[in-house]
Q: 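Sharing a structure below in C-alpha cells format, with a few things to ask.
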Amino acid sequence: MDDQPEETPKKTPTGKDALTPQMREQLKRSQRRNMVGGLVFGLILAVLGFFAAQNITSGSDDSYIPIPVSVEESVSVWS
C-alpha cells in the first residue's frame, strides 16, 4: 500500500472569491463599453426609423403604382 496522503480536490471559488479585483474591473469596463455601444446603436436605429417613417408618410402619389386587380377576383373570395 502507498503511504501517500490522498489529494483533496481543489474547491472552485464561488461568489466574490471567484474573480480577482483586476478581473472584476476588466468586466466592469467591458460592461460599460458594451452599454455605451448599445445606446449609441439604439439611437442610430431610432433616428433611421424616424427618417424612414417620414419618407413613407410624405411619399408622393407618383411613386405609388397600383396593382391591377379585376373586380371578379376581389369579389369572388368565398365561391
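Model, not experiment: these values are computed from the prediction. Side chains are part of it too, since the values below use all heavy atoms of this structure and drop only hydrogens, waters and symmetry mates.
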Q: Run Arg24 and Leu27 through side chain to side chain contact (heavy atoms under 4.5 Å, CB included) and show every step you take.
A: CA-CA 5 Å; Arg24 215 173 297 134; Leu27 287 174; 5.8 Å; no

Q: Quick one: list whatever passes side chain to side chain contact (heavy atoms under 4.5 Å, CB included) with Glu25, sequence neighbours left out.
A: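 Glu25 satisfies side chain to side chain contact (heavy atoms under 4.5 Å, CB included) with Lys28, Arg29 once adjacent residues are dropped.
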
Q: Would you please name every residue forming a side chain to side chain contact (heavy atoms under 4.5 Å, CB included) with Leu39, sequence neighbours left out?
A: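 With neighbours one apart ignored, the set is Met35.
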
Q: Is any side-chain heavy atom of Thr20 less than 4.5 Å from a side-chain heavy atom of Met23?
A: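 The answer is yes, as the side chains (C-beta and beyond) meet within the 4.5 Å cut-off.
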
Q: Check whether Asn34 reaches the backbone of Ser30 with its side chain - one donor and one acceptor, N or O, closer than 3.5 Å.
A: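 The answer is yes, because a donor-acceptor pair under 3.5 Å joins these two groups.
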
Q: Tell me who clusters with Leu43, hydrophobic residues only, linked when side chains sit under 4.5 Å apart either directly or through other members.
A: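 When side chains under 4.5 Å apart are linked, Leu43 ends up in no cluster with other residues.
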
